[in-house]
Amino acid sequence: MDQDPDAIAEAGKRLAGYPVTMVHANFVTLKNVLESHGTKADGILMDLGVSSHELDEGSRGFSYHKDAPLDMRMSQEGETAADLVNRLSEAELASVIFRYGEEKYARSIAANIVKARAVKPIETTLELADLITESVPAKARRDKHPARKTFQALRILTNRELDVLESAMCDAFEMLKPGGRLVILTFHSLEDRMVKQQFAKWCTGCTCPPEFPVCICGHKPEGMLPHKKPIVADAEELAINPRSRSAKLRCIEKL
Ligand SMILES: C[S@@+](CC[C@H](N)C(=O)[O-])C[C@H]1O[C@@H](n2cnc3c(N)ncnc32)[C@H](O)[C@@H]1O
Ligand SMILES: [Zn+2]
């Protein structure tokens with residue numbers, strides 16, 4: 001499954017001749033997709049985030065290095081990042097940039113966005129990237145690109161990534177056969193934290209307040225973790241694929 005028509009087209013070419021079924025859809029529809037095939041799953045791998053194709057194809061508007069319309073939609077449908085940047089209130093922008101980007105200069109960036117768009121709507125990646133650079137103090141321009149966190153925040157918002165993950169991961173776990181495994185590959189800490197916490201919940205079962213001396217809820221664990229720690233890329237993989245640097249893989253087995 002992939003929500004990006006480009007990915008489905010490319011995979012169709014690469015996998016021609018293999019016994020695979022490709023579905024152009026968002027992971028939130030996974031339950032319907034499996035039900036329509038009349039099956040539960042032995043294993044589900046969710047490879048989240050954006051693809052190298054989406055990042056490198058400048059025209060998709062994910063990159064602050066390449067000038068393009070500020071799009072960022074994996075599905076190529078619905079509101080673009082530019083639509084959101086020009087529509088949301090200053091408070092909403094500041095909150096999104098702070099929460100999804102963990103950007104400490106969120107307020108000043110949001111204020112400058114609102115000032116700039118009053119003159120003319122923000123349309124391109126570089127327009128926004130320059131505006132962000134001007135909104136942060138010089139010391140914040142030294143190491144990583146100052147637009148990195150805000151671009152991450154807008155990408156998460158445009159694709160509703162965290163809402164989708166919450167719902168898709170629950171449906172995926174429900175649709176596993178006993179003994180089946182759900183494996184999720186995330187690319188930033190907000191996603192990884194959600195996966196880690198949800199997996200821990202499934203493994204605990206009991207929902208009684210911690211101060212209860214004994215369990216009265218009767219909830220039993222539904223899963224177990226074959227690996228206690230997330231699996232990350234080793235030096236060899238990092239050398240051939242530097243983008244694996246931020247990847248964390250977690251796995252849960254359904255009891
Ligand atoms: C990191 S890439 C991996 C692509 C593919 N698995 C590969 O290895 O080439 C993530 C892909 O997942 C897709 N994607 C991300 N979130 C999705 C979602 N909620 N529903 C469907 N596809 C999604 C993106 O469009 C992107 O093509
Ligand atoms: Zn309990």
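In listed order, ligands and their atoms are each counted from 1. In this chain, numbering begins with 1 at the start of the sequence shown.
The Zn ion (ligand 2) has an N, O or S atom of C208 under 2.8 Å away, backbone or side chain.
Here C217 contributes SG and C206 contributes SG, and at the Zn ion (ligand 2) these two atoms make an angle of 120°, given to 10°.
At a threshold of 4.0 Å, the pair K66-E57 does not count as salt-bridged, since none of the basic side-chain nitrogens sits closer than that to a carboxylate oxygen. Taking the charged nitrogens against the carboxylate oxygens, R60 and D71 have no contact shorter than 4.0 Å, which rules out a salt bridge. Using a cut-off of 4.0 Å between Lys/Arg side-chain N and Asp/Glu carboxylate O, E123 and K120 are scored as salt-bridged.
A donor atom on one side chain and an acceptor atom on the other are not found under 3.5 Å apart for D2 and H24. If you check the side chains of E92 and S95, you find no donor sitting under 3.5 Å from an acceptor.
Ring geometry, H65 versus H145: the interplanar angle exceeds 60°, so the pair is classed perpendicular (tilted spans 30 to 60°).
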Anything under 3.5 Å between an N or O on ligand 1 and a protein N or O? List each pair with its distance, or write none.
{"residue": "ligand 1", "atom": "6 (N)", "partner": "D47", "partner atom": "OD2", "Å": "2.9"}
{"residue": "ligand 1", "atom": "8 (O)", "partner": "D47", "partner atom": "OD2", "Å": "3.4"}
{"residue": "ligand 1", "atom": "12 (O)", "partner": "D47", "partner atom": "O", "Å": "3.4"}
{"residue": "ligand 1", "atom": "19 (N)", "partner": "N26", "partner atom": "OD1", "Å": "3.1"}
{"residue": "ligand 1", "atom": "20 (N)", "partner": "F27", "partner atom": "N", "Å": "2.8"}
{"residue": "ligand 1", "atom": "22 (N)", "partner": "Q3", "partner atom": "N", "Å": "3.0"}
{"residue": "ligand 1", "atom": "25 (O)", "partner": "D2", "partner atom": "OD1", "Å": "2.8"}
{"residue": "ligand 1", "atom": "25 (O)", "partner": "E54", "partner atom": "OE2", "Å": "2.8"}
{"residue": "ligand 1", "atom": "27 (O)", "partner": "D2", "partner atom": "OD1", "Å": "3.3"}
{"residue": "ligand 1", "atom": "27 (O)", "partner": "D2", "partner atom": "OD2", "Å": "2.7"}

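Annotation: cation-pi pair K248/F187 absent, no NZ/CZ under 6.0 Å from the ring centroid and within 45° of its normal.
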